[in-house]
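Report on the structure given below.
Source: prediction; values computed, not measured. Proteins come first, then strands; the chains are lettered A, B, ... in the order of their sequence lines, and each starts at number 1. Computed over heavy atoms, backbone and side chain alike; hydrogens, waters and symmetry mates excluded.
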Amino acid sequence: MARGALGPPLRETLSRWEREQAQLKTSVIDWDTEAWQRDSDFAGLHRVGGVDMSFIKADDVRACASLVVLSYPKLEVLYEECRMVNLTAPYVSGFLAFREVPFLVDAIQRLQKKDPNLMPQVLLVDGNGVLHHRGFGVACHIGVLTDLPCIGVAKKLLQVDGLKNNDLHKEKIQHLKMGGDTFPLMANSGTILGMALKSHSKSSKPLYVSVGHKVSLGAAVRLIQACCRYRIPEPIRQADIRSREYIRRTTELANSQEAGQERGPEGLREKQSPTLSPTRGLEESAGEEEPPENPSPGHHS
DNA sequence: GCGACAG
DNA sequence: ATCTTGTCGC
């Protein structure tokens, strides 16, 4: 029941989500709003945030949401939070935000309350900004809800508005020579939706950078490049690493308790936040299991 | 029927 | 997103 069995209730949810995106979209600001964005060395920029979520295979409900804040330009971790959450929405391409954003915004707001001095001045988001079916990807969504400058960083091209991952596109990628090289991603309308960026000399795959909120595309690309020690910009990479590790330790703990203890449902459950107010979404998303998919065995050189 | 499908 | 080891190269 991956995509075929999604019934009428989901269809209604999707149109509700579309309306919500359209409404929030009117607040997106796609130009520089901070002085540091206009400075070639980002003078005045000291804290860059990154958010990401990791999931458990064979568990449709529990996931780990992670927020990190790194210093700039040294890219050292100043703040880190990982938290287990209960998902309320499935993943649907074009609606990623409704699956992940509530927990990430929560994390931002907790930081704001707990340690305002560590609030990031810009947030890097795993996914797209305006490079999106309706021009309102997850990076825009978080930006509007938090009022933070946000940048969308996707690892794969979302083929929308005439953008195609075809031979021409792959050829352009081949032509990217050194780290920092880019080419524009132009929609049918002539609008530049984002930039393909070779973020690291040794990576053949580019990043797809797009405006989320309160940044220009030029500043976004420059900052992403400045944050890349490896292919993935360090704030997102650290959030990813830490959330995966958190999941790994959590499932390990669960397994050891199930094996060692006869039955101890109390010890582990305490780690979850008791005060989650799930946004009204799909009630049935926590229902069934899915048989694992068998990917065809890839064989390259 | 075929292809696409951010995470 | 997740399932997964070693391997080739600097």
Give [X] one of three labels, base, sugar-phosphate or nothing, depending on what nucleic acid heavy atoms sit under 4.0 Å from its own.
X	answer
A:Asn128	base
A:Lys202	nothing
A:Gly152	nothing
A:Val160	nothing

Considering only atom C1', compute the distance from B:dC5 to C:dT2 and round it to an integer number of Å.
->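 These two C1' atoms come out 16 Å apart once rounded.
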
Quick one: do the A:Asp32 and A:Ser216 side chains pair a donor with an acceptor below 3.5 Å?
->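 Yes - a donor-acceptor pair under 3.5 Å links their side chains.
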
Can you find a side-chain donor-acceptor pair between A:Ser243 and A:Ser54 that sits under 3.5 Å?
->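 Indeed, the side chains of A:Ser243 and A:Ser54 share at least one donor-acceptor pair under 3.5 Å.
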
So, is [X] close to the [N] phosphate, meaning a side-chain N or O under 4.0 Å from OP1 or OP2?
X	N	answer
A:Lys57	C:dA1	no
A:Ser54	C:dT2	yes
A:Lys155	C:dA1	yes

Interatomic distance, A:Ile241 CD1 vs C:dA1 P [rounded to whole Å] =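 Between P of C:dA1 and CD1 of A:Ile241: 13 Å.
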
Face-to-face stacking of A:Tyr91 with C:dA1, centres under 5.5 angstrom, angle under 30° |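 Not stacked: fails the 5.5 Å / 30° test.
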
Output the single nucleotide from B:dG7, B:dA6, C:dA1 whose closest atom is nearest the side chain of A:Arg244.
->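 Among B:dG7, B:dA6, C:dA1, the one nearest the side chain of A:Arg244 is C:dA1.
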
What pattern of brackets, bars and dots sums up DNA chain B from 5' to 3', given Watson-Crick or G-U wobble pairs under 3.5 Å, [ ] for crossing pairs and | for another strand?
-> .......

Please confirm whether the backbone N or O of A:Asn165 pairs with a side-chain atom of A:Gln159, one donor and one acceptor, at under 3.5 Å?
->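 Here the side-chain-to-backbone pair exists.
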
